[in-house]
Amino acid sequence: MKFTNLRLTGFKSFVEATDFEIRDGLTGIVGPNGCGKSNLLEALRWVMGATSAKALRGEGMGDVIFAGTSMRPARNWAEVTLTLDNADRSAPAEYNESEVIEISRRILHKEDGTQSIYRINSKEVRAKDVQLMFADAATGANSPALVRQGQISELINAKPQSRRRLLEEAAGVTGLHSRRHEAELRLRAAEQNLERLDDVIGELENQK
Ligand code: ATP
């Protein structure tokens with residue numbers, strides 16, 4: 001999976017639409033403390049379907065929206081778009097026709113909280129579709145490929161269970177786990193239906 005561009009609009013300190021190009025080779029971000037370097041990595045996690053506001057250094061998800069400064073008013077929505085190069089046609093079948101894949105997440109302030117809208121190539125999809133797409137490619141919001149500040153020391157002190165999750169992600173089996181969970185839920189529902197069917201058959205036989 002090859003990332004080529006990250007576009008931030010109204011996300012944290014990036015109030016104007018800003019393109020962050022990711023070219024071949026190594027891309028570095030250099031700047032003084034507080035200039036927004038970590039915000040960029042958070043935007044990447046966020047567009048891949050991050051659900052924890054705390055991991056994005058916020059109290060609630062609405063905190064990713066530009067909160068205003070003494071010079072500029074706050075905004076009430078934010079959007080991040082990640083562009084993937086699909087020249088090698090390695091995307092999931094439903095998107096594999098396209099040369100370029102654009103994944104976007106938009107968040108809006110609403111009266112009763114916030115709402116996130118996800119799109120893949122302009123078509124509205126569920127958060128789960130985006131999360132699964134990245135999990136299958138062994139990356140995503142919680143991928144061990146994205147290392148944030150202080151994470152290494154947290155890992156050293158982590159519980160074995162958390163370390164196991166990290167190793168599984170590194171081994172690329174996370175997508176399989178979420179699929180297994182979905183399959184288990186479906187199987188359970190099917191079992192319940194069969195039990196109900198047995199009841200109905202039993203009742204019909206009693207009526208004979
Ligand atoms: P450091 O390396 O010191 O951690 P950094 O370059 O990684 O700094 P960030 O921590 O990414 O910088 O950026 C923090 C900046 O983003 C701060 O100036 C903060 O005020 C601003 N910021 C964060 N959230 C918002 C928001 N919702 N609206 C406006 N500005 C925000």
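Counting starts at 1 for both ligands and their atoms, in listed order.
- For atom 12 (O) of ligand 1, the nearest non-hydrogen atom of the protein is G36 N, 3.0 Å.
- Between R119 and E102, none of the side-chain N atoms (NZ, or NE/NH1/NH2) sits under 4.0 Å from a carboxylate O, so this pair counts as no salt bridge.
- Between the side chain of N96 and the main chain of P92, no donor-acceptor pair closer than 3.5 Å is present.
- Protein heavy atoms all stay at least 4.0 Å away from atom 20 (O) of ligand 1.
- Checked against a 3.5 angstrom limit, the closest N/O atoms of C35 and ligand 1 fall inside it.
- Other residues, nucleotides and ligands place more than 12 heavy atoms under 6.0 Å from the CD atom of E184.
- The environment of R164 atom CZ is sparse: at most 12 non-hydrogen atoms of other residues, nucleotides or ligands sit within 6.0 angstrom.
- Of all protein heavy atoms, the one lying nearest to atom 4 (O) of ligand 1 is Q149 NE2, 3.4 Å.
- Contact atoms of ligand 1 toward D63: 27 (N) (distance under 4.0 Å to a heavy atom of the residue).
- Nearest to atom 15 (C) of ligand 1 by heavy-atom distance, out of G34, G58, A43, is G34.
- When hydrogens are left out, the protein atom nearest atom 13 (O) of ligand 1 is N39 ND2, 3.3 Å; that is the closest non-hydrogen contact.
- At a heavy-atom distance under 4.0 Å, only backbone atoms of P32 (N, CA, C or O) approach ligand 1.
- Taking the side chain as every heavy atom from C-beta outward, E191 and N193 never approach each other to under 4.5 Å.
- Looking at R57, K37, R72 and measuring to atom 10 (O) of ligand 1, the nearest heavy atom belongs to R57.
- Nearest protein heavy-atom contact of atom 28 (N) of ligand 1 is A67 N, 2.8 Å.
- Salt bridge E99/R89: present, at least one basic N to carboxylate O contact under 4.0 Å.
- The aromatic rings of F11 and W46 sit tilted, their planes meeting at an angle between 30° and 60°.
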Could you walk me through whether R72 and E16 satisfy the salt bridge (Lys or Arg N to Asp or Glu O under 4.0 Å) test, starting with their C-alpha distance in whole Å, then the side-chain angles of each, then the deciding distance to 0.1 Å, before giving a yes or no? CA-CA 11 Å; R72 305 193 74 145; E16 298 295 348; 2.6 Å; yes

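- Near N33, the atoms of ligand 1 lying under 4.0 angstrom from a non-hydrogen atom of the residue are 2 (O), 3 (O), 8 (O).
- Scanning all protein heavy atoms for the shortest distance to atom 23 (C) of ligand 1 gives K12 CD, 4.0 Å.
- Under 4.0 angstrom from ligand 1, the non-hydrogen atoms of I65 all belong to its backbone.
- S98 and N86 share no donor-acceptor pair across their side chains, judged by distance under 3.5 Å alone.
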